[in-house]
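Only heavy atoms go into these numbers, but all of them, side chains included; no hydrogens, no water, no symmetry mates. Both ligands and their constituent atoms are indexed starting at 1 by order of listing.
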Amino acid sequence: MRASATSGRPHSATACAAGKVEPTGLGGGARRITVLGATGSIGRSTLDLVARSGEAFEIEALTANADAEGLARLAIAHRARVAVVAEPAAYPRLAELLSGTGIEAAAGPAALVEAASRPADCVVAAIVGAAGLPPTIAAVRQGRRVALANKECLVTAGDIFMRETRAASTELLPVDSEHSAAFQAIGNAEPGWIEEITLTASGGPFREWDIARLAKALPSEALRHPNWSMGAKITIDSATMMNKGLELIEAYHLFPVAVEQIRIVVHPQSIVHCLVSYRDGSVLAQLSSPDMRTPIALALSWPSRMDAPTERLDLVRLGQLTFEAPDETRFPAIALARAALQRGGCAPAVLNAANEIAVHAFLAGRIGFLDIAETVAKCLETADGRGLLGPRAALDDVLAVDEEARQLARTMLTASSRSSVHGSSLPFD
Ligand code: NAD
Ligand code: MG
């Protein structure tokens, strides 16, 4: 029998839900919410649920990166109080579109943090990438309930993020489907009885592709996810399986388990999202159609539930659910993420930063599919040589490492790109 080793981290299964538990069942007056990353896939799914819920929710703030048109449309439709673009150059257009509506417009990193800090019953953290860390942690520090979709926050600064969560008694509700599933399957179980958490992975569009084919994979092919409709970055992460690596790190921070207690299993149908095994042999799982509105609905309504208009499961029609081991040779990102987590300190931050830069380069057609994981591996190696992987106690120091790792990855990609011009076999255009 294996005891649960939690490496002394003072979190709990309900970590997520640690702290104040107010009677927040829907029906007790409108709940005020802020959506960081409102124009994205998770943001729009959140607002779709809000629109279907009558008067149950009110919108405090909505934010976006640079899409002033998209943001203004959502802000007007949902009668938000404030709309913020991260990109200052998008401000004049946003202000123009919102003039006369009574909705306040703002721009820039400080305005984003201010929007996240405003009074709200729940802040939905749905910005993509480590760019979401400063505003999300600002919401955490205010003790707001945070519905966390932005897994890169936890990958980049998991220890600090969870410490701040505990310090402010913030309720952290996972939105990532696997983690929402684990959260439900763990419930109030005593951490010591959990034997294992199994995160499922769809395997992405390239599950059955061999290495030779993967080397030539195009962004348009990688963007064609078989089950989920998501933003571009996470869709590429699903194709490389880095998404599951990031989720491994996310699960480690959210739940009371050691790295060795988190397993990854490929489940192409994306129906079973996570399984939690207990020491008595019981395995609890959560099943639902692959539609993010189910986990978002739980995070918005917890500890109650709300309606979500998703396709209902028909197990007979599905016929079978299949499971297989991930192939870490064709998809080395999983092993890279596990090694970064085991290494600790800033290794996961470097992994994430390098991955963000490499995914961007792949989407821009500047590198090949296999170069994504290779860039991450090389970046971790170089960062190690430069002493960047050690622990940092302050968030600003982690953000500095994140920036340095991005610079490192950019330099590496530029250098390889130059050598390709001189005849290297790297698939740059
Ligand atoms: P997306 O690309 O569709 O949307 C991202 C949002 O973030 C947009 O509103 C965009 O304007 C904003 N944004 C981008 N860069 C920004 C910056 N530098 N500063 C401020 N705002 C910025 O992404 P998504 O698919 O909705 O994913 C959002 C997050 O949720 C990611 O961390 C992803 O891993 C996680 N997640 C997504 C899904 C999904 O189904 N889409 C599932 C699980 C987890
Ligand atoms: Mg997920």
Engineer: Is it the side chain, the backbone, both or neither of M292 that has a heavy atom closer than 4.0 Å to ligand 1?
Structural biologist: side chain
Engineer: Can you report which non-hydrogen protein atom sits closest to atom 25 (O) of ligand 1, along with the distance?
Structural biologist: G231 N, 2.8 Å
Engineer: Just jot down the ligand 1 atoms closer than 4.0 angstrom to any heavy atom of D176, in number order.
Structural biologist: 43 (C), 44 (C)
Engineer: For the residue pair F362 and F369, does the interplanar ring angle fall in the parallel (under 30°), tilted (30 to 60°) or perpendicular (over 60°) class?
Structural biologist: perpendicular
Engineer: Please identify which atoms of ligand 1 are closer than 4.0 Å to at least one heavy atom of A149.
Structural biologist: 30 (O), 32 (O), 35 (C), 36 (N), 44 (C)
Engineer: Any nitrogen or oxygen of S177, side chain or backbone, less than 3.5 Å from one on ligand 1?
Structural biologist: no
Engineer: Closer than 4.0 angstrom: is that true for some heavy atom of G43 and an atom of ligand 1?
Structural biologist: no
Engineer: Which of the numbered atoms in ligand 1 are under 4.0 angstrom from any heavy atom belonging to A86?
Structural biologist: 19 (N), 20 (C)
Engineer: Are any of the N/O atoms in T39 less than 3.5 Å from those in ligand 1?
Structural biologist: yes
Engineer: Looking at V265, is its backbone amide N or carbonyl O close enough to the side chain of T200 to form a donor-acceptor pair, meaning the two atoms are under 3.5 Å apart?
Structural biologist: no
Engineer: Considering only non-hydrogen protein atoms, determine which one is nearest to atom 4 (O) of ligand 1 and report residue, atom name and distance to 0.1 Å.
Structural biologist: G40 CA, 3.1 Å
Engineer: What distance separates L413 CG from T375 OG1, expressed to the nearest 0.5 Å?
Structural biologist: 4.5 Å
Engineer: Step by step, would you call T310 with R312 a side-chain hydrogen bond (donor to acceptor under 3.5 Å, both in side chains)?
Structural biologist: CA-CA 6 Å; T310 59; R312 271 27 190 175; 2.9 Å; yes
Engineer: Please work out whether any backbone atom (N, CA, C, O) or any side-chain heavy atom from C-beta onward of S41 is under 4.0 Å from ligand 1, and answer side chain, backbone, both or neither.
Structural biologist: both
Engineer: I'd like to know if the side chain of R144 and the backbone of C122 have a donor-acceptor N/O pair within less than 3.5 Å.
Structural biologist: no
Engineer: Which of the atoms of ligand 1 are close to A64, meaning less than 4.0 Å from one of its heavy atoms?
Structural biologist: 11 (O)
Engineer: Kindly assign one of parallel, tilted or perpendicular to the pair F323 and H267, based on the angle between their ring planes and the thresholds 30° and 60°.
Structural biologist: parallel
Engineer: What N/O/S atom of E247 gets nearest to the Mg ion (ligand 2)?
Structural biologist: OE2
Engineer: What protein heavy atom is closest to atom 29 (C) of ligand 1, reported as residue, atom name and distance in Å?
Structural biologist: I127 O, 3.6 Å
Engineer: Looking only at N, O or S atoms in E178, which is nearest to the Mg ion (ligand 2)?
Structural biologist: OE1
Engineer: Starting from atom 5 (C) of ligand 1, locate the nearest protein heavy atom and write down its residue, its atom name and how far away it is, to 0.1 Å.
Structural biologist: V128 CG1, 3.7 Å
Engineer: Nearest to atom 32 (O) of ligand 1, what protein heavy atom do you find, and at what distance?
Structural biologist: E152 OE1, 2.6 Å
Engineer: I'd like the name of whichever of L36, L62, N65 reaches closest to atom 15 (N) of ligand 1 through any heavy atom.
Structural biologist: N65
Engineer: Heavy atom to atom 41 (N) of ligand 1, shortest distance: which of K151, H179, M230 holds it?
Structural biologist: M230
Engineer: Mark up the atoms of ligand 1 that fall under 4.0 Å of a heavy atom belonging to A38, in ascending order.
Structural biologist: 9 (O)
Engineer: Residue-level breakdown please: for I234 versus ligand 1, do any non-hydrogen atoms fall below 4.0 Å on the side chain, on the backbone, on both, or on neither?
Structural biologist: side chain
Engineer: Considering just N/O/S atoms, say which atom of D176 is closest to the Mg ion (ligand 2).
Structural biologist: OD1
Engineer: Consider only side-chain N and O atoms of S288 and H273, and report whether a donor and an acceptor are under 3.5 Å apart.
Structural biologist: yes
Engineer: State whether R392 and E404 are salt-bridged, where the test is any N-O pair (Lys NZ or Arg NE/NH1/NH2 against Asp/Glu carboxylate O) under 4.0 Å.
Structural biologist: no
Engineer: Applying side-chain hydrogen bond (donor to acceptor under 3.5 Å, both in side chains), run through T322 and Q320 and close with a yes or a no.
Structural biologist: CA-CA 6 Å; T322 59; Q320 57 176 352; over 6 Å; no
Engineer: Is it the side chain, the backbone, both or neither of A131 that has a heavy atom closer than 4.0 Å to ligand 1?
Structural biologist: side chain
Engineer: Kindly compute the distance separating CG (L199) from CG (N243), expressed to the nearest 0.5 Å.
Structural biologist: 10.0 Å
Engineer: Any idea which atoms of ligand 1 are less than 4.0 Å away from a heavy-atom of A126?
Structural biologist: 5 (C), 6 (C), 7 (O), 28 (C)
Engineer: Using modelled atom types only, decide if a donor and an acceptor are shared between the side chain of R93 and the backbone of A66 within a distance under 3.5 Å.
Structural biologist: no
Engineer: With heavy atoms of I42 as the reference, note each atom of ligand 1 found under 4.0 Å away.
Structural biologist: 26 (O), 30 (O), 37 (C), 38 (C), 39 (C), 40 (O), 41 (N), 42 (C)
Engineer: Out of curiosity, E178 CD to L248 CG, how far, rounded to the nearest 0.5 Å?
Structural biologist: 11.5 Å
